[in-house]
Every structure is written in C-alpha cells, then in structure tokens.
Amino acid sequence: MQIIDTNVSLSRWPLRRLPLDETPELVARLRRYGVVQAWAGSFDGLLHKDIAGVNLRLAADCRKHGNGLLVPFGSVNPTLPDWEDDVRRCHEEYQMPGIRLHPSYHGYQLDDARFAHLLELAAERKLVVQITLTMEDERMQHPLLRVPHVDTKPLLEMAGTRPDVPIVLLNAFRSVRAEQAAALASAGNIYFEIAMLEGVGGVGKLLQKVPIDRLLFGSHAPLFIFESALEKLRESALHGRILKGLCTDNARRLHP
Amino acid sequence: MTDIKHMEARTAEHRPTGQGVTRRESLRIGAVGALSASLQLTRRSWAEAGSGNREADATEPVRTTTGETRIWDGHTHLASIRGEKPADRMAQLIEYADRMRIERLVVFMGWPFAYDPSPDQFRRQNDQVLAAIHDWPDRVLGYAYVNPNHIDHSLEEMQRCIVRGPMVGIKLWVAKRCNDSALDPIVQRATELQIPIYQHTWLKITGNLPGESTPSDLAELASRHPRATLLCGHAGGDWELGIRTVRPFKNILLEVAGGDPTAGFVEMAVRELGAERVIYGSDAGGRSFASQLAKVEAAGITDREKKLILGVNLRRLLSPIFKTKGLKS
Ligand SMILES: [Zn+2]
C-alpha cells in the first residue's frame with residue numbers, strides 16, 4: 001500500500017521540540033510505513049517574516065533529505081510586501097506543485113481581496129493551494145499565541161468561481177463538521193485530509209457525507225503522531241478502491 | 001462474573017470482518033499472534049511492504065508494540081455512537097475495539113451527557129452502563145458516574161453500582177471542582193472500597209466550565225487523600241502543565257485520553273512520572289481509538305513501558321476490587 005501524505009511540515013514547531021523534527025528522521029518514519037510522497041510545508045512559514053528564506057530552505061531540505069519523497073509546498077503570506085514574487089519563486093525557481101497558506105497566523109480572512117488575487121495567480125500557474133485551518137487544539141494554545149481557526153464560510157461562495165484551483169484544507173476537522181465539509185465539497189474544487197478527524201470509525205462515518213474523491217491522507221506529522229492517521233484506516237476497515245483513493249489516487253490526480 | 005458461553009455467542013456474532021480467528025482465540029494467543037493467524041501469515045507488515053514495494057492490505061497491523069500486549073482501554077463512552085439501546089451502541093464500540101485489538105473497555109456515563117446531573121439522571125446513565133456490562137461481562141467494565149452536588153445519592157449509587165453491582169470505579173466529571181471538600185465522603189468511600197476515582201481535568205486557555213477541575217484542583221484533593229487512587233483525566237488537556245502539576249503527588253496517575261495525538265506527550269509523561277503512573281484511555285466514541293492508541297504505540301518508549309500504559313497499570317489498579325468481586329483479569 002503506497003501512501004501520499006498531504007500534510008507534513010519541516011523545521012521546528014515554535015513551541016516544543018518534536019520527536020521527528022529532524023528531517024532525516026521524519027523521512028525514515030514515513031518510508032517505514034510506505035509513504036511514497038509527502039507534501040511538506042515549513043513550520044517557519046507560520047511566524048517568519050522572511051518567507052522567501054523559509055521557502056528557499058524548505059526546497060533545499062526536500063532536495064537534500066527527501067530523495068524524491070518530500071514535495072515542497074512553499075508558504076505564501078499575502079499580507080507581506082511583494083508577496084506575489086513568493087508565488088513566482090515557488091513555481092518557477094523551486095518547481096513546487098503547490099503552496100501552503102496560514103491565514104489565521106498571517107492575519108487575514110478568506111474574504112480578503114488579496115486571497116482572491118492569490119487564487120488567480122495560482123490558477124495561472126496551475127498550483128494546488130493548501131490552506132491550514134488550524135495547527136492545534138485552540139484550548140491548549142500558548143497564552144501569547146492564541147490563533148483562531150480559519151473561517152471557511154467565504155469559500156462556500158468563492159470556490160465555485162474558481163474550479164481551476166484545487167484547494168486542500170489541512171487540519172480541517174477540528175473546526176469543520178462533516179456537513180460543512182460536504183457543503184464545501186459540493187461548492188467547489190475542495191479537498192480534505194484526515195489528520196484532525198476524530199470519533200470512533202471517523203473516516204467511515206465521514207465517507208457517508210463527503211465523496212471519497214475529495215478525501216486525502218494527511219498526518220500533520222511531525223506535530224501529530226503519523227501513526228494516528230494510519231491507524232484510522234484500520235479502525236474504519238477501509239479497503240479496495242476507497243482505501244487506494246484516500247491514500248494515493250486522489251492526491252495523484254492533484255499532483256500527478 | 002465470567003460467562004464464557006455468553007461471550008462466545010457474542011464473539012461469533014461480532015467476529016471482525018475478514019479475520020479467521022474468533023476474539024476468544026485472539027485473546028488466548030495474543031493480539032499480534034491472532035492477527036498473524038488471521039492473515040494466515042501470508043502478508044507482511046506495512047513497514048515491510050513499504051520498503052519492499054509489495055502490496056499489502058491497509059487493515060494489516062501497524063503496531064509498534066511487540067508480543068502479547070493486552071490492551072485495556074480505561075475510558076470510553078456510550079455517547080457519540082448511534083443506537084437506541086445500550087446494547088446497540090456497545091456492539092458497535094466492541095466491533096471497533098476488535099479491529100484495534102483492544103481486549104477490554106472501561107465505560108462510564110450514558111447519554112445524553114449532563115454537566116450537573118440530578119440523581120435521577122446519573123442513575124439512568126449508570127443503568128445504561130450496567131446494561132452494557134450485562135451484555136458483555138468479559139469485555140466491558142464500568143465506573144459509576146456520581147455527582148458531588150448530591151452526596152447522599154452519590155454514596156447510595158456507589159453502593160448500588162459497585163458494592164452490589166459489577167462496577168469497579170468512580171467517574172467524576174464537571175459538576176463540581178474536585179478541590180471542594182464536598183467530594184471528601186465520595187473519596188473516602190472509594191478509598192475504603194479500594195477503587196480508582198477517575199476525575200476529568202482540563203486546563204483550557206479558552207476558559208473552563210464553572211465546575212470543571214484543573215490538575216491543580218486534583219493535586220489539592222490528592223494531598224487531602226493520600227491513600228486514594230486518583231486518575232488525572234486527559235492529563236489536564238494541556239499535558240505539559242498537567243504532567244508537572246501532578247508530578248509530586250504519587251497517588252495520582254496520568255490518563256492520556258481525549259486530546260490530540262500530539263507527538264512527545266507520552267514520552268514526557270514517562271520521563272517525568274515513570275510509566276507506572278501513565279494510563280491509556282481513548283475517550284471513544286467522541287475520539288477515535290486510532291488516534292489515542294497511536295500516542296502510546298508510536299511513542300519513543302520501551303515495549304515494557306508501552307505494556308504498562310496499555311493495560312498492566314489499569315489491571316494493577318483494579319486488582320483489589322477484582323479480588324473482592326472474584327473477577328479475573
Ligand atoms: Zn470522556
């Protein structure tokens with residue numbers, strides 16, 4: 001069974017050292033479980049202002065340690081001066097298939113005109129756009145770093161107008177209920193991964209509401225334990241076309 | 001309480017799909033052995049399949065623990081699962097537990113959840129749990145849900161559910177902060193009965209409920225009752241603080257259920273408290289068995305430590321009441 005993990009991050013989580021925050025160790029763990037591709041952003045993208053430097057290091061780390069496994073998704077912060085050039089560099093200089101956004105860490109909402117413009121640029125360059133809705137449980141955030149969940153409501157209207165941009169919502173299920181996910185999936189070209197999906201048999205239950213072709217495998221490693229996402233497949237007794245769709249095929253359609 | 005015939009009937013009904021061994025066989029030969037047997041030893045683990053490019057099935061084990069790890073889940077609920085009757089809900093929970101090779105489930109509280117239940121409400125919820133235990137005597141254990149705002153009724157309920165009934169512990173939730181002296185009679189009685197007290201704790205930056213305990217509240221209670229066995233539910237949520245808070249209180253064990261599967265949690269707990277003081281629980285159905293088991297199974301600790309957390313510690317805590325009741329663990 002091959003897996004494409006659409007939600008990993010490199011470098012350092014700002015608030016804690018993690019068992020797998022050295023890239024070679026993360027890569028070894030992913031390989032052990034049959035991960036053939038991991039879409040990697042950078043924790044540095046959350047708070048660093050020098051996003052160009054963040055993406056340069058991310059691309060270099062993926063090349064150096066990934067041996068084809070790590071696929072960089074550069075961070076873009078559309079509130080920074082000349083952010084459009086970060087999009088250009090991600091695409092032209094590093095040949096990234098997509099970019100990763102952290103709207104709540106960067107202080108804008110999805111009804112912001114800059115976000116709409118960003119989607120335009122992504123469409124022109126055929127980039128996948130990942131939006132991280134949250135990084136951690138809001139109840140245990142650092143008192144000086146209380147970051148809200150991204151509100152997805154604006155996407156319900158916008159996404160329909162941009163069928164040319166695949167939008168992957170990362171860590172969606174802390175704040176997005178299955179019914180809302182279903183509405184988002186039918187509104188536009190929107191995908192979800194399972195890292196923050198909870199509830200016993202959660203994936204199986206989600207599949208009763210959200211079409212399988214919109215679900216991707218994601219672990220949120222190394223902040224989350226990779227095996228958590230993996231064990232969910234077994235808990236829901238997934239098999240055959242459903243399992244393969246979730247673990248590989250759906251992601252491959254976005255980044256062949 | 002052991003009712004083998006009853007259990008085998010159940011087992012046949014609830015044989016996990018695609019597995020060629022019954023659950024009883026699986027318990028006898030051990031979880032990993034059973035899985036191998038059920039897969040007729042023809043398939044390799046995911047890890048091997050990943051490195052060897054051979055197709056494997058996703059329902060194969062990804063377990064990092066080795067040998068016959070007997071997993072007891074110290075924290076599950078009948079809520080967050082659909083079903084008219086306790087039996088319907090319990091059957092579903094057992095089916096998921098079978099998939100994850102969990103041998104026993106501690107269940108507490110019925111449905112619907114009530115923050116400050118009246119005596120009638122907590123009795124009704126305990127009745128739901130009693131029904132689940134009745135149907136699955138070898139798989140399900142129960143803690144009695146009581147409310148310190150109703151002390152006399154709570155003590156009566158302990159008598160009904162634990163002394164005269166099959167339950168083996170106490171669950172306290174969010175009706176009253178646990179540093180309150182109102183809890184003392186409940187804790188004293190539990191200490192006499194040699195049963196554990198599971199106290200929900202959370203330290204929320206977003207604000208606790210009025211009656212919701214923090215790990216510091218539990219520490220106060222522990223210092224008043226050094227002979228009581230107290231479980232710090234959810235490790236206080238904010239586990240980096242929860243672990244430090246309970247560290248000096250040797251009669252508090254840390255329970256890891258019900259928070260995100262954040263890497264490094266169990267490693268820190270073992271480093272600071274020792275594995276003997278850490279207990280696995282899931283908080284299923286609200287949480288997934290998968291995410292919560294992964295906290296322990298994927299942790300960078302020894303297999304011996306994993307075994308302690310996944311079952312040995314809970315069996316040790318329950319051994320006095322098991323002995324009293326003539327139960328086998
Ligand atoms: Zn619970």
Side-chain angles (χ1 to χ4, degrees), chain A residues 1-3 13 15-21 29-36 136-143 145-146 171 174 194-205 219-240 242-244 246-247, chain B residues 16-18 46-51 53 55-64 76 80-81 92-93 95-97 99-100 202-207 236-241 259-268 282-295 297-300:
Chain A
M1 184 72 221
Q2 298 190 332
I3 296 173
W13 172 240
L15 298 164
R16 183 186 302 126
R17 286 302 304 271
L18 306 169
L20 297 177
D21 64 10
R29 180 71 62 99
L30 296 174
R31 280 200 200 287
R32 193 209 285 179
Y33 292 115
V35 173
V36 292
E136 54 175 349
D137 186 333
E138 70 286 351
R139 296 171 298 177
M140 48 181 295
Q141 288 182 331
H142 192 284
L145 200 61
R146 294 184 58 188
N171 301 332
R174 175 85 206 148
I194 62 168
M196 284 203 180
L197 183 64
E198 276 294 345
V200 72
V203 181
K205 289 173 184 167
S219 71
H220 195 26
L223 183 52
F224 273 20
I225 295 157
F226 175 84
E227 289 84 343
S228 161
L230 192 60
E231 291 271 5
K232 287 175 191 170
L233 309 178
R234 179 153 61 133
E235 187 177 39
S236 285
L238 302 186
H239 57 272
I242 303 265
L243 179 66
K244 201 153 169 291
L246 180 81
C247 289
Chain B
T17 348
W46 269 35
E48 290 168 348
S51 56
N53 275 333
E55 282 278 306
D57 193 280
T59 53
E60 278 188 51
V62 291
R63 287 291 146 81
T64 51
T76 66
S80 308
I81 302 168
Q92 290 177 59
L93 212 50
E95 190 173 339
Y96 288 116
R99 283 181 196 163
M100 308 311 283
W202 210 290
L203 193 58
K204 295 172 179 163
I205 193 73
T206 48
D238 196 335
W239 45 270
E240 284 161 313
L241 299 181
D260 283 337
T262 311
F265 171 9
V266 167
E267 288 90 334
M268 180 186 170
S282 62
D283 212 353
R287 289 277 172 173
S288 103
F289 286 124
S291 64
Q292 306 301 307
L293 273 171
K295 288 178 183 172
E297 297 201 308

Does B/R99 reach the main-chain N or O of A/E235 with its side chain, forming a donor-acceptor pair under 3.5 Å?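 Side chain of B/R99 to backbone of A/E235: a pair is present.
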Got a second to check how far [X]'s [atom1] is from [Y]'s [atom2], nearest 0.5 Å?
{"X": "B/F265", "Y": "A/R16", "atom1": "CZ", "atom2": "CZ", "result": "10.0 Å"}
{"X": "A/R139", "Y": "B/D260", "atom1": "CZ", "atom2": "CG", "result": "8.0 Å"}
{"X": "A/M140", "Y": "B/W239", "atom1": "CE", "atom2": "CH2", "result": "6.5 Å"}
{"X": "B/S291", "Y": "A/L197", "atom1": "OG", "atom2": "CG", "result": "9.0 Å"}

Looking only at heavy atoms and a cut-off of under 4.5 Å, which of B/G300, B/A290, B/S288, B/G264 has the most pairs with chain A?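 Of the options given, most contacts go to B/S288.
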Option that, when pairs with chain A are counted at under 4.5 Å, heavy atom only, ranks first among B/G207, B/G286, B/A284: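 Option with the greatest count: B/G286.
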Which one, A/D21, A/L20, A/L223, leads in non-hydrogen pairs under 4.5 Å with chain B?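 Among A/D21, A/L20, A/L223, the one with the most close pairs to chain B is A/L223.
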What part of A/R17 is in contact with chain B, defined as an atom under 4.5 angstrom from a non-hydrogen atom: side chain, backbone, both or neither?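 Contact with chain B involves no heavy atom of A/R17 at all.
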At a 4.5 Å cut-off on heavy atoms, which part of A/L18 comes close to chain B: side chain, backbone, both, or neither?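 Just the side chain, heavy atoms under 4.5 Å.
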Interchain contact, B/Y96 with chain A, by part (heavy-atom threshold 4.5 Å):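 It is the side chain, since no backbone atom gets that close.
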B/S80, part contacting chain A, at a heavy-atom distance under 4.5 Å: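 Contact with chain A involves the backbone of B/S80 alone.
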Step-by-step salt bridge (Lys or Arg N to Asp or Glu O under 4.0 Å) determination, B/K204 to A/E138: CA-CA 9 Å; B/K204 295 172 179 163; A/E138 70 286 351; over 6 Å; no
In chain order, what residues pass the side-chain contact (heavy atoms from CB on, under 4.5 Å) check against B/L241, with sequence neighbours excluded?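 Applying side-chain contact (heavy atoms from CB on, under 4.5 Å) to B/L241 gives B/L203, B/D238.
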Specify the closest pair of heavy atoms between [X] and [Y], including all atoms of both residues, with the distance to one decimal.
{"X": "A/P19", "Y": "B/E267", "answer": "CG-OE2, 3.9 Å"}
{"X": "A/I225", "Y": "B/T262", "answer": "CD1-O, 3.9 Å"}
{"X": "B/I205", "Y": "A/P143", "answer": "CD1-CB, 3.7 Å"}
{"X": "A/S228", "Y": "B/P261", "answer": "OG-CG, 3.4 Å"}

Mind checking side chain to side chain donor-acceptor pair (under 3.5 Å) for A/S219 and listing every partner two or more places apart, or none if nothing turns up?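 Checked A/S219 against side chain to side chain donor-acceptor pair (under 3.5 Å); matches are A/D5.
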Can you list the steps and then say if B/R287 with A/E198 is a side-chain contact (heavy atoms from CB on, under 4.5 Å)? CA-CA 5 Å; B/R287 289 277 172 173; A/E198 276 294 345; 3.3 Å; yes
